[in-house]
Every structure is written in C-alpha cells, then in structure tokens.
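To start, the structure under review is shown below, and the notes come after it.
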Amino acid sequence: MNETLPCPNCSSPVDIRTARWCDCVAKKLSVVCPHCEACFCHRRGYPMQKEWTLSLQERREQQAMEKFRRAVAASARTPEHVRTVLVVDDDEEIRLIAEYTVQHMGYRVLTASDANEALELVRRERPDIVLTDALMPKMDGRELCKLIKLVDPAIQVVIMSALYTASRYRNEAMKTFQADDYLVKPISFGRLQEVLQDLAVRAA
Amino acid sequence: MNFQELQERFHVRLRTRLTDLTSLVETGAQPEPIMRAFHSLAGIGGTYGFDAITDESRACERMCLAVMEEGRPLSRDERLRLLEGIDRIGVLNR
C-alpha cells in the first residue's frame with residue numbers, strides 16, 4: 001500500500017505513517033497535513049480516502065497489539081521481579097485500602113505515612129513505583145516526587161490528589177515535578193489498575 | 001483483612017472522625033482546619049465505595065474554601081450548616 005499520499009488541500013506529499021492524527025472527530029480516522037495543517041474530517045468535497053482510513057486503522061491495531069505484547073511481557077516476569085509499589089499518604093485509611101488493593105493486583109507493597117519515611121524507603125528498597133498523596137504535612141507530595149527523581153529517575157511516581165485540586169496541580173505535577181501519572185481522589189481502583197499497568201508497559 | 005473488614009473498620013473510625021470534626025466546628029471558627037478535615041473525608045469516602053459521603057464532605061469543604069477565599073472566619077450560620085452536613089454524613093454511615 002502506498003504510504004505517501006498527496007494532500008487534497010495543498011497537494012504536498014503526506015507520509016501517513018508519521019502524520020499527526022486528527023482528533024476533532026473521535027469516530028473518524030484521518031490525518032492532518034504537516035504542510036498546511038488542514039484537517040479533512042468535515043471538509044466538503046474531500047471525503048475520507050479509503051486507503052488513509054485503512055492504513056490508520058492498521059496502525060492503530062498495530063499499536064494496540066504492541067502495547068498488549070509489552071503488557072504480557074511485563075506481567076510474565078518471574079516472582080523475584082514482582083514490582084514494588086510504595087504508597088505514601090498521611091491518612092491511615094487511604095494507606096490501608098491502597099495497600100489492600102495494590103497487593104491484590106499482584107504487587108509487593110510498602111507504606112509510608114510521610115515524605116521523610118518515604119525517602120528512607122526509596123533509598124533502602126528502591127521501589128518501582130511510588131503512589132503519593134499530594135497534600136501532606138511536612139513535605140508536599142510533589143516536592144517528594146522531585147526528590148525521588150533525584151535519588152533514582154527510573155522510579156515512577158504517581159501523584160494522588162482530590163478533585164478540586166486536579167486542574168490546578170496536574171500540569172505542574174507532570175511538568176515541573178516530573179510525575180509520571182496522576183490519580184484523582186477518591187481513587188477508582190479501575191483507574192489505579194490502568195495506571196499501574198500503563199507504568200509497567202512504559203518500564204518494559 | 002478483606003475488603004468488607006476494611007469497610008467495617010472505616011465505618012467505626014468514621015464515627016470518631018465525625019466526633020472530632022463536630023468539636024472542631026463547635027469550638028473554632030477558622031475554616032482551614034475544618035476544610036482539611038472535610039477534604040480528607042471526601043478523598044476517603046469514595047475510595048471505600050461510599051460516594052455519598054464524598055459528595056456531602058465535598059459540599060462542606062467547598063463552603064469552607066469559599067469562606068477562606070473571603071479571608072474571614074466562619075459565621076454562626078455557616079457553622080450550623082457544617083454541623084448539619086456532619087449529621088448527614090453520620091446518617092449515611094449508619
């Protein structure tokens with residue numbers, strides 16, 4: 001199949017393997033021309049080209065298959081490679097439920113009630129993932145994230161915070177403090193599982 | 001401990017939390033410690049599967065936040081509304 005097609009708007013060649021996907025209509029699959037930035041989802045007279053759709057569909061399937069393979073590889077590790085998750089929260093109730101859930105997902109779990117205890121465990125045990133509350137006394141979870149990355153940048157950090165702080169902290173946590181992901185409290189365990197699996201895939 | 005035992009433990013400990021929260025509202029008019037207590041409760045309730053507790057706590061938390069933004073202490077009326085919120089959470093906990 002030809003993977004370079006002329007853009008219907010500016011006629012420049014568009015490599016559909018590297019072109020950015022158009023995300024203006026979730027149900028359609030189309031690409032954005034890198035030369036004129038035109039999106040063709042709604043443009044009259046430029047119906048979706050069948051071969052673009054097919055190629056993109058294939059690309060999406062390939063990506064999904066690749067992600068699945070990596071997830072299987074990550075979960076098929078031997079017991080000595082069971083990933084360790086450190087849960088940091090000043091609230092005992094959250095530590096207990098998170099410990100219970102993460103353990104049931106097949107991880108080894110460590111817990112800490114504050115950032116100092118967490119840093120001590122990070123240095124000693126080198127967990128694979130740290131789940132930390134954002135607002136804690138003594139040291140904020142985002143500051144902790146920064147310090148963990150200084151100890152070992154390979155440790156993946158997920159910051160947990162309540163809904164109203166999400167929009168305020170999300171960008172800052174991910175960009176300034178280099179958090180790997182973000183969980184909104186109250187924690188949904190489906191989402192927690194999704195995040196942990198995603199981190200396993202990224203680590204693999 | 002299984003999940004049901006954890007939930008039962010949460011119910012028992014919530015009674016203590018609510019007693020502490022009641023005395024906090026009755027004795028102090030500063031909104032920040034009260035907001036923090038409700039904030040914490042909002043995060044925990046839904047995590048244990050009790051979304052209604054989260055919703056009620058979140059409403060009280062928001063009330064405290066609004067007062068904090070105005071930079072004033074809680075009024076008598078606002079404290080009464082917070083106490084009503086605590087009562088409703090207590091009812092949800094039964």
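Just so it is clear: chains get the letters A, B, ... in the order the sequence lines come, proteins before strands, and each one is counted from 1.
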Applying salt bridge (charged side-chain N to carboxylate O under 4.0 Å, His left out), name anything that partners Arg108(A), two or more places apart in sequence or on another chain. Glu125(A)
Which distance, rounded to the nearest 0.5 Å, do you find between the [atom1] of [X] and the [atom2] of [Y]?
X        : Y         : atom1 : atom2 : value
Tyr48(B) : Glu93(A)  : OH    : CD    : 4.5 Å
Thr47(B) : Leu183(A) : OG1   : CG    : 10.0 Å
Ser40(B) : Ile94(A)  : OG    : CD1   : 7.5 Å

Should we count CD of Glu70(B) as having more than 12 external heavy atoms under 6.0 Å? yes
Any residue of residues 144-159 of chain A which, by heavy atoms, sits under 4.5 Å from chain B: none
Counting only heavy atoms closer than 4.5 Å, note whether Leu6(B) contacts chain A via side chain, backbone, both or neither. side chain
In the structure I gave you, are the side-chain heavy atoms of [X] and [Y] within less than 4.5 Å of one another anywhere?
X         : Y        : answer
Pro186(A) : Arg58(B) : yes
Glu92(A)  : Arg9(B)  : yes
Phe3(B)   : Ile97(A) : yes

So which of Ile187(A), Thr101(A), Asp133(A) has the largest heavy-atom pair count under 4.5 angstrom toward chain B? Ile187(A)
Working for salt bridge (Lys or Arg N to Asp or Glu O under 4.0 Å), residues Asp91(A) and Arg17(B): CA-CA 12 Å; Asp91(A) 200 305; Arg17(B) 271 178 190 262; 2.8 Å; yes
